[in-house]
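Working notes, beginning with the structure itself.
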Amino acid sequence: MSPAGPLGGVGSDAPEQCSAAGCSQTAAWRVNWRNPRIHTADRVKVWLACAEHRSTLADYLGTRGFPVQVTALDEPVEVVG
C-alpha cells in the first residue's frame, strides 16, 4: 500500500486496482471490514475488488469471523458492524 492510502489518496488519477493477489483488474467494489479483536466498529479497513474477486475476498474475511460489508467503489462506510 502506498503512503497515500488504500484508495490512491487525494488527486490520484490512476484507476483503483483489485486487492486480490495477482489481479490487475480495475476495482469496482469496496470490501469494508475490521478485526473485532483489535478494532472498534468505527475502524474500517478496505480491500478493493473487481467483479470476479468480490465474493472471494468477502468470503475469505467472513469465514474468519470478521464483520464485512461490500459497497460500490464510490460508497465509503463509516462503521462496519
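Predicted, not measured: the structure shown is a model, and the values here were computed from it.
The minimum heavy-atom distance linking Arg34 with Arg43 is given by the pair CB-O, 3.3 Å. Considering all non-hydrogen atoms of both residues, Ala41 and Val44 come closest at O-CG2, 4.3 Å. Annotation for Arg37 and Arg64: closest pair NH2-O, 3.8 Å, computed over non-hydrogen atoms.
Once rounded to the nearest 0.5 Å, the distance linking OG1 of Thr71 with CD of Gln69 reads 6.5 Å. Here the SG-CG distance, from Cys18 to Leu48, works out to 8.0 Å after rounding to the nearest 0.5 Å. Going from atom CZ of Arg54 over to atom CZ of Arg30 covers 13.5 Å, rounded to the nearest 0.5 Å. Taking NE2 of His53 as the reference point, atom SG of Cys23 lies at 5.0 Å (rounded to 0.5 Å). Lys45 NZ to Asn35 CG: the interatomic distance, rounded to the nearest 0.5 Å, is 9.0 Å.
For CD of Glu52, the number of neighbouring non-hydrogen atoms (other residues, nucleotides, ligands) closer than 6.0 Å is 12 at most.
Residue Val31 belongs to a hydrophobic cluster whose other members are Trp29, Trp33, Trp47, Leu57, Tyr60, Leu61, Phe66, Val68, Val70, with links defined by side-chain heavy atoms closer than 4.5 Å.
Contact check for Glu16 versus Leu73: side-chain heavy atoms found under the 4.5 Å cut-off.
Linking Ile, Leu, Val, Met, Phe, Trp and Tyr whenever their side-chain heavy atoms come within less than 4.5 Å puts Val77 and Val46 in one cluster.
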